[in-house]
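Chain naming here is simple, since letters A, B, ... match the order of the sequence lines and numbering starts at 1 in each.
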There are 2 protein chains.
Amino acid sequence: MVTLAEVAQHAGVSASTVSYVLSGKRSISTTTRQRVEQSIRELGYHPNAGARALASSRSNIIALMIPLRTDMYVPVMMEIAIAVATTARTHGYDVLLLTGEEGPDAVRRVTGSGLADAMILMDVQLDDERLPLLRHTDQPSVLIGLPADTSGLTCVDLDFTATGALCVEHLASLGHRDIAVIGEAPAVYERHTGFAERTLDGLRSRARETGVRLLHRPCEGGYDAMAVTLARILDERPGTTGFVVQNESAVEPLLALLRQQGRAVPEDVSVVAICPEQVAVQASVRLTSVAIPAQEMGRHAVERLMAKLDSRGTDEVVLIEPELTVRASTGPAAH
Amino acid sequence: MVTLAEVAQHAGVSASTVSYVLSGKRSISTTTRQRVEQSIRELGYHPNAGARALASSRSNIIALMIPLRTDMYVPVMMEIAIAVATTARTHGYDVLLLTGEEGPDAVRRVTGSGLADAMILMDVQLDDERLPLLRHTDQPSVLIGLPADTSGLTCVDLDFTATGALCVEHLASLGHRDIAVIGEAPAVYERHTGFAERTLDGLRSRARETGVRLLHRPCEGGYDAMAVTLARILDERPGTTGFVVQNESAVEPLLALLRQQGRAVPEDVSVVAICPEQVAVQASVRLTSVAIPAQEMGRHAVERLMAKLDSRGTDEVVLIEPELTVRASTGPAAH
DNA sequence: ATAGGATGTCGAAGCGCTTCGACAGCGAGT
DNA sequence: ACTCGCTGTCGAAGCGCTTCGACATCCTAT
């Protein structure tokens, strides 16, 4: 294993000079720099991460806490994780993957051990037990998702309230008066996941404003659960002509069931999905949808974090504006 | 930040004693140990990761390289990643998330800097450019997936050859004589991803043995691509009664299309899927399938790695035996 | 009674790096 | 000619931990 000292000797300079070449924290003459860089290349030198962390008390690692659960949005989580990892790399950081399993202890461990310089939390509950810790530590953090109380925290998320409003807006403007919302699994609502509730708020308030009737039903993924849910909805509100779906694994089952019942999309009923772009495009009907901008969220979170690490940038909530793309699943309401 | 020295002082012992309490590498009297542990708890001490890594030249971190691409098996990747992370934690290790983006350089960087003690590589190509590096370094590694030449490497994977054979076997035993294979996207075959080709080998050789005709067609995910592919298949081989699907995002489109054409499953045609359990269960028809045991693969990989880190355990290939679960999508061939 | 082996604890030497203060050398301003 | 202030380089201290050899105690076997 090549060390700094060996590089220094090879280049005929002192260790500190090599260090300054590497960090750029002091000016170095061009000739010296080139000589050192040459030696680094020839010897295949890589700075030792542990030594570096010890001496500088910065690990150049950020921790990413992902949910252990896989009952929702798996591809979204994955996409965010990948975006975080690649964006972090462009800033010279690596990413440590933590699962939610350890809960608040993970936060303590990482903060206490100096393993990571900062952290990104995904799948934040409205009243998340990790939040008090984050507020107390001086370690920078960014949440992907919005808790109930965001004071003293930096958060990045899609504006789900606006998303909900946008969906109702679209259907209402097409003349739909009875709209059913097919939501995430009941468990998601039970543990008060922010985005689900905020979407609901947006849906409801815009429904009120536009005088549209709304029926919200949580739904486990899959064909069978969807069949039961749909039957109930049509039983309670036979005149339903618009659907908003916020549950990836209910999308295709819903379309299949509608087809099977002879309800044509978009002639008889309209469907708006809140889902990743790919799902909307690959579905059996190209879906009018509001995309969940996973990459953008991951990227944003890292950028915020870097700003905090450089002590520019303050606590604030970044809400990404939703965009509704009209495709082939929505049309004027039949009357 | 609390240090070892502070704990030592608080407990009235030397720093080395505290260290030995922590590591258990030398015997410590019960009274001393308890006193030290008490101090650790009271002060909320967490060993500094960097210092530890520097002094011991072990970081207690394993690197996990995941594919950057998200054109296949996203949930599987995610599940593996989570299984790796949680299993690693039970061994006192954390997981560093690397994307394939950096390619072989990532291997060099991690090895050279001592950032991680070992690594797990996913999405291994048959002739992966990272392999020579792995063979040369003394850093332990485990591959999830099988390259062409496994000498000097430890690999964990589902036995895809046996998987392919099993699928044909099942359909053949039900009397199907014409089987179509709907595969991954063409790009997956073009970059010679091992599992896809090995599945094909298994399918073909068993087809030969059982005298069954096989037609293999790669397929992009989604409804439209599937429609085109299916039309071609039925054009070339109108008598096809059995399908093997190895492409998550083609499963539901296939079922929808078959339904639409009036081909009942399983009465008219049978479908076997190679996919995660969840997909098979949640599909519109409960699918006979060979499960991709993501968790098991992740767990296995970590266990192997730990064995190598303790210098028990040798290079070897662990192939997980496939299991076919019969559900509602396969039945006797119509004649 | 005494050597000899356990057993438990300590001091000190690093691990490879960053960073601070010191300082040599040089051109510019008086 | 002399001082002043740069610029570029160096030496040394120290980050918080592990680990090795040394050593003091105590118990057991002779």
Checklist entry - With the threshold set at 4.0 Å, does a side-chain nitrogen-carboxylate oxygen contact exist between A:Asp159 and A:Arg198? => result no

Item to check | CA sep, side-chain torsions, deciding dist, call: A:Gln38, A:His10, side chain to side chain donor-acceptor pair (under 3.5 Å) | outcome: CA-CA 10 Å; A:Gln38 176 66 18; A:His10 186 272; over 6 Å; no

Item to check | Residues A:Asp149, A:Arg135: salt bridge by 4.0 Å N-O rule | outcome: yes

Next on the checklist: Check B:Arg191 with B:Asp128, please: is the shortest side-chain N to carboxylate O separation under 4.0 Å?
Outcome noted: no

Checklist entry - Considering residues, nucleotides and ligands other than B:Gln9, do more than 12 of their heavy atoms fall under 6.0 Å from its CD? => result no

Checklist entry - Is B:Arg109 paired with B:Glu102 through a side-chain N to carboxylate O contact shorter than 4.0 Å? => result yes

Item to check | 5' priority, DNA chain C, between A:Thr3 and B:Arg33 [closest heavy atom] | outcome: B:Arg33

Checklist entry - What integer distance in Å separates A:Gln9:CD from C:dC17:P? => result 14 Å

Item to check | Reported CE-to-CE distance for the pair B:Met122 and B:Met77, which is rounded to 0.5 angstrom | outcome: 4.5 Å

Next on the checklist: Could you work out how much the helix from C:dA1-D:dT30 to C:dT30-D:dA1 bends, comparing the axis of its first five pairs with that of its last five, to 10°?
Outcome noted: 40°

Checklist entry - Which parts of nucleotides 18-23 of chain D does protein reach within less than 4.0 Å, heavy atoms only, written one letter per nucleotide 5' to 3' as B for base, S for sugar-phosphate only and - for none? => result BBBBB-

Checklist entry - Between atom CG in A:Asn60 and atom C1' in C:dC17, what is the gap in whole Å? => result 13 Å

Checklist entry - Just how far, in rounded Å, is P of D:dC10 from CD1 of A:Ile28? => result 8 Å

Next on the checklist: OP1 or OP2 of C:dG8 versus the side-chain N and O atoms of B:Ser27: is any pair under 4.0 Å?
Outcome noted: yes

Next on the checklist: Between A:Leu4 and A:Asn48, is there a side-chain heavy-atom distance shorter than 4.5 Å?
Outcome noted: no

Checklist entry - So what does B:Leu54 touch, heavy atoms closer than 4.0 Å: a base, only the sugar-phosphate, or nothing? => result base

